[in-house]
Amino acid sequence: MNSYSAKSWLTRLLTALLLATMPVTAGDRQADRDRMVSELSGYGYDITLITDDRVLSAMRTVPRHEFVPAYLQVQAYADRPLPIGHGQTISQPYIVALMTQLADISPGMRVLEVGTGSGYQAAILARMTDRVYTIEIIVPLAASARVRFRELGLTNIIAKEGDGYYGWKAYAPFDRILVTAAARHIPPPLVAQLKPGGLMVIPVGPSWGAQRLMLVRKDDSGVVTTESLLPVRFVPLVSKQNAEW
Ligand code: SAH
C-alpha cells in the first residue's frame, strides 16, 4: 500500500474542502470559461472522451486568459494552442483536459509536471491536489510562471527552472507525472521517480513528426507497462545543451 492510499478518508476530505475554498483569483470571463468547459465536456470518444467533473470544474475556475500574452487574450477560451513566446505554446484546452483526466488526480497526491510553459497546466493540477512540482528549462518562462502563480494565489505550486528529463529527486517519488513536451523516449529518471501504483502521461516521438500520447503505469510491485493512446503534436523536450532528447 503506498502512502497515498494509506491516507485516511478524513484527511482527503479535509484537503478537498481546503482546495475548493482556495483563493484563486478567477477574475472575469467566467461566461467564456463556462462555454469552453461545456464544449469540452463529452468531447472525444472512448478513452479520449472528457467526462471527469474534477477536471472540468478546475478548468471552469482557472483564468486561462491570464496565462497567454495580452494580444492573444481574446482567443484564450478557444480550443486551440497559443504561442507564449520563446517558440513555445500553451496546449489547447482539450489536450490539457485529456492529460489531466488520464492522470486521474485526487487530493493528497504528489504531482510532477515537466514543461511549466505558461503555468496553465500546473494551475489546473493545483486545483486538484495539495502540491504540484513543475520544472521549466527556459529561464524567462520559468520566471514569469512563478510570478503568475504568486499573483493568482496558487501557493501550492513549487516551480523551478531546470532540465525536467531528470525529474526532481528531492521531492520524488511522485504519484503522478505529466510531461507536456514530446520526448524521443520515456525518460528513465522519470520512470524511476514514479511511485508504485503511479501513472505518467507523456507524449513520445520525434520533434516535429508522429508523436503519440502514452500512458505509463507502474503497478504496486513496480512493474512498468506503457499504452499508446492517440496521435498528438507537442513542442520537443530539449536538454540544457539544446539537443533534443
Ligand atoms: N504545460 C505548458 C505547456 C508548455 S509547452 C502550459 O500549460 O503552458 C512545453 C514546455 O516544455 C515549454 O515551455 C518548453 O520550454 C518546456 N521544456 C522543453 N524541454 C524541457 C525540459 N527538458 N525540461 C523542462 N521543460 C522543458
Side-chain angles (χ1 to χ4, degrees), residues 4-5 12 16 19-20 24 26 29-65 67-68 75-82 89-109 111-115 117-129 132 174-183 186 190 194 197-205 209-219 224-235:
Y4 166 67
S5 50
R12 290 208 289 271
L19 286 168
V24 167
R29 303 194 61 183
Q30 187 60 53
D32 290 342
R33 266 193 302 290
D34 290 346
R35 186 173 23 79
M36 174 185 82
V37 168
S38 67
E39 282 165 12
L40 289 175
S41 166
Y43 188 86
Y45 63 95
D46 195 18
I47 196 169
T48 68
L49 184 69
I50 307 298
T51 53
D52 190 334
D53 282 335
R54 295 169 297 177
V55 177
L56 295 170
S57 90
M59 293 187 73
R60 213 173 273 125
T61 316
V62 176
R64 191 169 187 265
H65 65 280
F67 292 81
V68 301
Q75 298 183 52
Y77 295 100
D79 190 22
R80 65 176 73 123
L82 294 171
T89 52
I90 177 174
S91 303
Q92 76 183 89
Y94 170 70
I95 288 292
V96 173
L98 179 62
M99 290 181 76
T100 313
Q101 176 171 287
L102 288 166
D104 191 20
I105 292 158
S106 309
M109 288 185 177
V111 178
L112 173 69
E113 181 202 21
V114 173
S118 69
Y120 179 70
Q121 173 75 73
I124 297 293
L125 298 170
R127 298 296 296 169
M128 302 179 67
T129 190
V132 175
F174 300 96
D175 296 285
R176 301 290 187 258
I177 299 177
L178 281 87
V179 182
T180 63
I186 298 169
L190 295 183
L194 199 56
L199 290 176
M200 169 159 53
V201 184
I202 177 172
V204 180
Q211 303 164 0
R212 307 277 306 176
L213 193 62
M214 312 281 289
L215 185 59
V216 180
R217 293 189 180 84
K218 187 184 268 190
D219 75 11
V224 176
T225 52
T226 61
E227 188 183 347
S228 168
L229 299 176
L230 72 156
V232 284
R233 184 173 286 254
F234 280 80
V235 296

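Along the sequence shown, residues carry numbers from 1.
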*Hey, are the side chains of Arg60 and Met36 touching, using non-hydrogen atoms and a 4.5 Å cut-off?*
no
*After noting the C-alpha distance and the side-chain angles of Leu229 and Glu227, does the key distance pass the side chain to side chain contact (heavy atoms under 4.5 Å, CB included) rule?*
CA-CA 6 Å; Leu229 299 176; Glu227 188 183 347; 3.6 Å; yes
*side chain to side chain contact (heavy atoms under 4.5 Å, CB included) between Asp219 and Thr225, intermediate numbers included*: CA-CA 8 Å; Asp219 75 11; Thr225 52; over 6 Å; no
*Take Met59 and Thr100 through the test side chain to side chain contact (heavy atoms under 4.5 Å, CB included) and record every step on the way to the result.*
CA-CA 10 Å; Met59 293 187 73; Thr100 313; 6.0 Å; no
*OH (Tyr94) with more than 12 external heavy atoms under 6.0 Å*: yes
*Is the closest side-chain heavy-atom distance between Leu102 and Leu199 below 4.5 Å?*
no
*Measure the spacing between CD1 of Ile90 and CD1 of Ile95 and express it to the nearest 0.5 Å.*
13.0 Å
_From Glu113 atom CD to Phe174 atom CZ, the distance as rounded to the nearest 0.5 Å_ = 12.0 Å
*asked:* Minimum heavy-atom separation for Gly115 and Thr180, please, with both atom names.
replied: O-OG1, 2.8 Å
*With a 4.5 Å limit on heavy-atom distance, are the side chains of Ser91 and Phe234 in contact?*
yes
*Got more than 12 heavy atoms from elsewhere within 6.0 Å of CZ, Arg212?*
yes
*Where do Gln121 and Met99 come nearest, in terms of heavy atoms and distance?*
OE1-CB, 4.3 Å
*Side-chain contact test, heavy atoms from C-beta onward, threshold under 4.5 Å: evaluate it for Leu213 versus Thr48 and give yes or no.*
no
_Asp32 CG to Gln75 CD distance, which is reported to the nearest 0.5 Å_ = 12.5 Å
*If you take all heavy atoms of Leu178 and Ala103, which pair is closest and at what distance?*
CD1-CB, 3.9 Å
*Going from CZ on Arg64 to OH on Tyr77, what distance comes out if it is rounded to the nearest 0.5 angstrom?*
8.5 Å
*With Val204 as reference, evaluate Ile186, Thr226, Val179 under the side chain to side chain contact (heavy atoms under 4.5 Å, CB included) test and give the passing residue.*
Ile186
*Of all heavy-atom pairs between Phe67 and Pro63, which one has the smallest distance, and what is that distance?*
CD1-O, 3.2 Å
*Does any non-hydrogen side-chain atom of Val201 lie less than 4.5 Å from one of Arg176?*
no
*Could you tell me which non-hydrogen atom of Ile105 sits nearest to which non-hydrogen atom of Thr129, and how far apart they are?*
CG2-CB, 3.8 Å
*Apply the test side chain to side chain contact (heavy atoms under 4.5 Å, CB included) to residues Gln101 and Leu40: give CA-CA distance (whole Å), side-chain angles for both, the deciding distance (0.1 Å), then the verdict.*
CA-CA 12 Å; Gln101 176 171 287; Leu40 289 175; over 6 Å; no
*Could you walk me through whether Arg35 and Asp79 pass salt bridge (charged side-chain N to carboxylate O under 4.0 Å, His left out), step by step?*
CA-CA 11 Å; Arg35 186 173 23 79; Asp79 190 22; over 6 Å; no
*To the nearest 0.5 Å, what is the distance between CZ (Arg33) and CG (Leu56)?*
14.0 Å
*Return the minimal non-hydrogen interatomic distance between Arg127 and Ala58, and the atom names on each side.*
CB-CB, 3.8 Å
_Contact between Asp175 and Val111 at the side-chain level, heavy atoms closer than 4.5 Å - yes or no?_
no
*Taking atom types as modelled, is there a side-chain donor on Ser106 or Arg54 under 3.5 Å from an acceptor on the other?*
yes
